[in-house]
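What you see below is based on every heavy atom in this structure, not just the backbone, and it leaves out hydrogens, waters and symmetry mates. Computed from a predicted model, the values in this text were never measured in an experiment.
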There are 2 protein chains.
Amino acid sequence: MDAPHDTGERILDAAAELFAVHGYAGTTTRAIAEAAGVNEVTLFRRFENKVGVLTALGRRIQQQQAGHAAAAAPDSESVRETLLRLARMEIEATMAGGALAIRLAFDAKSVPEVAALLGEGIPNNAAGLAEYLAEHQATGELRDDIDASVMAEAFFGLTSSYVMYRIVMGVAPMPADVSTDDGIAQLFDLFWSGAAPKERV
Amino acid sequence: MDAPHDTGERILDAAAELFAVHGYAGTTTRAIAEAAGVNEVTLFRRFENKVGVLTALGRRIQQQQAGHAAAAAPDSESVRETLLRLARMEIEATMAGGALAIRLAFDAKSVPEVAALLGEGIPNNAAGLAEYLAEHQATGELRDDIDASVMAEAFFGLTSSYVMYRIVMGVAPMPADVSTDDGIAQLFDLFWSGAAPKERV
DNA sequence: GGTGCATGTAAGTGCCTGCTTGCACTCTAC
DNA sequence: GTAGAGTGCAAGCAGGCACTTACATGCACC
């Protein structure tokens, strides 16, 4: 084939899409192979198991997650700007690969190996944000009567539920006359008004 | 058996638990029957299909949901009180039966009938809240520069993600020294500070 | 005491699943 | 030009799956 080296990647891509829609148990190795344009035998030559595909995928996702959590604080911008940027990034990233991540989080319950992988990634992300928030609570840029981790959870709640509603459930509660960008901006504005110090509003 | 009449209910109960953990595809009819203390044949006599069990379950959930969305507005309390009560109810209800609801929402994608059922329930809930919010935007009790449905989404985002983190992923990002009640209260406070009219803060 | 109804038991059918084996092909590299 | 790695293809196997059939059992009501 053209680029024989990334056959494994193509299999993972296909698996990602199918797992996201049908779940782990609902996806067959034959379906993955077909979607990847690869023979089923090749799948088993590359990955020992069906579980092997899942764990490889889990590893890949975890790396991606770790990546953009670290890119959080360029420091030149205001807290509000940073958070808004983060929100957009979160939503974008979750829209792209996150339906899978959420779905895998479910399946992880039945597949301990993946549970272990994802179980690290998500709270790490949240903890990183909580740390950032706590720092800026200390400087008075954020209200300090709400626990930083509660705030972090609220933040991720907004972004993840935005994706949940839309991709996962195929439901878009926002009316058509509110554009995506506007929707995110308003959603963030609501969060921000709640998170900003009271005396500045 | 003792109460032969609710055999069907016992089957649904068992199915609910198993679906919540293993998903639809990952749960076998044999396992459901066994968990219900019923012969597998009985299951097929009660419900035409495995899909039949799923749709019956979907119907049951939808009825429960409809129930507590309607109980929203006793009118004697302030908007803030109403919303806080609603938040607690939401979280409680979702904590109890919601892991399944969320999980089903995933599986629903492969089973159009359930998708249709749940697809009505959730946005109906959201639409109902949005209507309530819009009313109180009009009276100035809520800020009106944010779309009511965006606000409703933010509200459900907080509650549903609270449950997501805890039950579904088995992760509790809040530190141990913030109690459940406190956590919800703070989470709500953040939402409320964002939703209240600016000039009142 | 017999008719119905809800259930249990035993056995099985056909399909699909994950996974394997054996063999042929086609590139790349030395 | 040959060795080796990566892939495809055809076939199949053993187990599990949803679902069926046929028959026996227990209980309720008339």
Phosphate OP1/OP2 of D/dT7: any A/Thr42 side-chain N/O under 4.0 Å = no
Cation-pi geometry met for B/Lys50 and B/Phe44 (6.0 Å, 45°) | no
Any A/Asn39 side-chain nitrogen or oxygen under 4.0 Å from OP1 or OP2 of D/dT7 | no
Mind calculating the distance between CG (B/Leu43) and P (D/dC19) to the nearest angstrom?
-> 9 Å
For nucleotides 17-21 of chain C, give me every protein contact, N/O to N/O, under 3.5 Å, one pair per line with atom names.
unit_1 : atom_1 : unit_2  : atom_2 : d
C/dG18 : OP1    : A/Thr27 : O      : 3.2
C/dG18 : OP1    : A/Lys50 : NZ     : 3.0
C/dG18 : OP2    : A/Thr29 : N      : 2.9
C/dG18 : OP2    : A/Thr29 : OG1    : 3.0
C/dC19 : OP1    : A/Asn49 : OD1    : 3.0
C/dC19 : OP2    : A/Lys50 : N      : 2.8
C/dC19 : N4     : A/Arg30 : NH1    : 3.1

Between NE2 of B/His136 and CG of B/Leu83, what distance do you get to the nearest 0.5 Å?
-> 8.5 Å
Return the set of residues passing side-chain contact (heavy atoms from CB on, under 4.5 Å) with A/Ala148 (not counting sequence neighbours), or none when no residue passes.
-> A/Leu133, A/Ala134, A/Gln137
Set of residues satisfying side-chain contact (heavy atoms from CB on, under 4.5 Å) with respect to B/Leu84, sequence neighbours excluded = B/Arg88, B/Phe188
Using the ring of each side chain (for Trp, its six-membered ring), is B/Phe191 parallel, tilted or perpendicular to B/Phe155, with breaks at 30° and 60°?
-> perpendicular
Whole angstrom value for the distance that separates C1' of C/dG8 from CZ of B/Arg46 | 14 Å
May I ask you to say whether B/Glu141 pairs ionically with B/Arg80, meaning some side-chain N is under 4.0 Å from a carboxylate O?
-> no
